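So the structure is just underneath, and the comments pick up after that.
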Number of protein chains: 2
Amino acid sequence: MGLQLTRGGEYAIRAMTYLARYPEGHVASLRDIGRAQEIPESFLAKILQSLVHAGLAVSQRGAHGGFALARPAEQITMRDVIEAVDGPISVNLCTLDPEECKRSSTCEVHKAWLRAQEQLMDVLGGVTLKSLAPQPVA
Amino acid sequence: MGLQLTRGGEYAIRAMTYLARYPEGHVASLRDIGRAQEIPESFLAKILQSLVHAGLAVSQRGAHGGFALARPAEQITMRDVIEAVDGPISVNLCTLDPEECKRSSTCEVHKAWLRAQEQLMDVLGGVTLKSLAPQPVA
DNA sequence: GCCAACAGGACCGTTTCACTCCGGTCTCGA
DNA sequence: TCGAGACCGGAGTGAAACGGTCCTGTTGGC
Ligand code: SF4
Ligand code: SF4
């Protein structure tokens with residue numbers, strides 16, 4: 001199996017959709033999220049840190065602290081989330097930076113990968129957390 | 001960087017497009033292919049074996065032996081080649097076999113991944129070696 | 001000041017990646 | 001017939017990535 005998402009990316013999306021189910025600004029603790037979405041808590045900690053660093057989530061320390069979305073759920077896409085934890089999506093060496101392969105200027109295959117990449121980005125960039133969340137919870 | 005093709009997959013496509021430049025049935029040796037496409041030869045050996053096993057290439061042993069496409073270049077796609085060496089393409093756990101994740105039946109994210117997978121397959125399955133080969137060499 | 005909760009960095013076992021090596025086998029052709 | 005040329009196939013390998021864990025801060029509410 002190739003071309004597959006990492007576990008970290010999958011968990012990140014689960015965590016973010018969990019937050020998206022609640023009203024804007026709702027804070028949930030690491031533990032809440034981990035329990036609800038069945039994500040190992042110590043691993044989730046790392047993932048949430050990445051999301052905070054990327055500016056997609058905000059954290060609140062101290063008692064009653066936790067995590068919340070940094071902006072409305074309709075303004076965060078699957079692509080944003082995945083790239084925050086796994087780094088930029090690049091379906092082949094040459095799709096992120098054509099300089100990586102000296103053949104790229106004349107390579108027909110390169111063009112095919114660019115199309116593939118674009119399609120993938122379109123799908124992932126077109127899905128917002130809002131559209132992923134089940135009926136909101138009050 | 002996530003969701004990226006392996007080197008093996010990339011090399012496989014290079015090797016196959018090399019074969020596709022020649023008239024049907026043309027045999028090229030491991031060494032020829034490796035030199036022309038700048039692929040480490042001992043690694044290429046493994047890759048070509050996978051392609052032969054998958055029925056995409058045929059091999060000829062003994063002096064003047066080598067490899068050739070098993071069918072016309074217009075009947076082999078990028079998808080075929082990649083799956084032969086890297087195994088089935090699956091963009092997430094749940095896209096190959098929904099049973100892998102018990103959430104899949106109700107998961108909205110799952111549907112998004114299915115769309116992404118389909119788009120990717122469409123692109124890769126729509127590109128034949130014929131269309132990738134530069135002007136054929138006599 | 002205590003306790004709840006995140007921050008951040010070190011660590012770690014396993015798997016995958018990207019190759020390499022080598023003995024074996026087949027085949028042509030001199 | 002015999003040997004050089006070429007693939008077969010399985011084992012091995014070093015480095016890196018994956019998928020976590022742990023532990024010591026630090027912060028903030030009550
Ligand atoms: S697809 Fe073409 S340009 Fe891209 S890495 Fe392969 S050879 Fe280079
Ligand atoms: S996307 Fe949904 S169905 Fe697929 S693995 Fe993640 S949770 Fe499971």
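This one's a predicted model, so the numbers in the text were calculated from it and none came from an experiment. We name chains A, B, ... by the order of the sequence lines, and we start the count at 1 in each one.
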Picking from D:dG20, C:dT20, D:dC7, which would you name as closest to the side chain of B:P40? C:dT20
Separation of atom CE in B:M1 from atom C1' in C:dC17, rounded to whole Å: 15 Å
Nearest whole angstrom, please: distance from the P of D:dA17 to the CG of B:L3. 16 Å
According to a hydrophobic-cluster definition based on side-chain heavy atoms being under 4.5 Å apart (Ile, Leu, Val, Met, Phe, Trp, Tyr only), do A:I76 and A:L44 belong together? yes
Return the value, rounded to whole Å, for the distance between atom CG of B:L44 and atom P of D:dC7. 9 Å
Classify the nucleic acid contact of B:S42 as base, sugar-phosphate or nothing, counting any heavy atom under 4.0 Å across all strands shown. base
Taking atom types as modelled, is there a side-chain donor on B:T77 or B:T128 under 3.5 Å from an acceptor on the other? no
Is the side chain of A:S104 donor-acceptor paired with the backbone N or O of A:E100 at a distance under 3.5 Å, no angle test? no
Restricting to nitrogen or oxygen on both sides, can you table the protein-nucleotides 8-12 of chain C pairs closer than 3.5 Å?
| residue | atom | partner | partner atom | Å |
| --- | --- | --- | --- | --- |
| C:dG8 | OP2 | A:H53 | NE2 | 3.2 |
| C:dG8 | N7 | A:K46 | NZ | 3.2 |
| C:dG8 | N7 | A:Q49 | NE2 | 3.0 |
| C:dG9 | N7 | A:K46 | NZ | 2.9 |
| C:dG9 | O6 | A:K46 | NZ | 2.8 |

Are any non-hydrogen side-chain atoms of A:M1 and B:I89 less than 4.5 angstrom apart? no
What is the distance, rounded to the nearest whole Å, between atom CG of A:L30 and atom P of D:dT26? 20 Å
Would you mind reading off the distance between B:I39 atom CD1 and C:dA18 atom P, rounded to a whole angstrom? 13 Å
Just the rounded figure in Å: distance from P of D:dC7 to CZ of B:R31. 9 Å
Could you walk me through whether A:R14 and A:E38 pass the salt bridge (Lys or Arg N to Asp or Glu O under 4.0 Å) test, one step at a time? CA-CA 9 Å; A:R14 276 199 219 165; A:E38 297 174 285; 5.5 Å; no
Salt bridge (Lys or Arg N to Asp or Glu O under 4.0 Å) evaluation trace for A:D122 with A:R79: CA-CA 9 Å; A:D122 278 359; A:R79 177 181 170 187; over 6 Å; no
Take atom CZ in B:R31; do more than 12 heavy atoms of anything else shown fall under 6.0 Å from it? no
Provide, to the nearest angstrom, the distance between the CZ atom belonging to B:R7 and the C1' atom belonging to C:dT20. 17 Å
Is it the case that the side chains of A:N92 and B:E10 hold a donor-acceptor pair, with the cut-off being a distance below 3.5 Å and no angle test? yes
Pick base, sugar-phosphate or nothing for B:S59, based on heavy-atom distances below 4.0 Å to the nucleic acid. sugar-phosphate
Want to settle it: does B:T6 or A:V52 sit nearer the 5' end of DNA chain C, counting the closest nucleotide to each? A:V52
With a 6.0 Å cut-off (strictly less than), is the heavy-atom count around CZ of B:R71, excluding the residue itself, greater than 12? yes
With 3.5 Å as the limit, what N/O pairs link the protein to nucleotides 26-30 of chain C?
| residue | atom | partner | partner atom | Å |
| --- | --- | --- | --- | --- |
| C:dC26 | O4' | B:R61 | NE | 3.4 |
| C:dC26 | O4' | B:R61 | NH2 | 2.9 |

C:dC19 OP1/OP2 closer than 4.0 Å to side-chain N/O of B:Y11: yes
Starting at CZ of B:F67 and ending at P of D:dA6, how long is that distance when rounded to a whole Å? 12 Å
Determine the interplanar angle of the A:Y18 and A:Y22 rings, folded into 0 to 90°, and report it as parallel if under 30°, tilted if 30 to 60°, perpendicular if over 60°. perpendicular
Answer with base, sugar-phosphate or nothing: what part of the nucleic acid does A:L48 contact at a heavy-atom distance below 4.0 Å? nothing
Nearest nucleotide by nearest heavy atom, which residue falls closer to the 5' end of DNA chain C, A:S29 or A:G2? A:S29
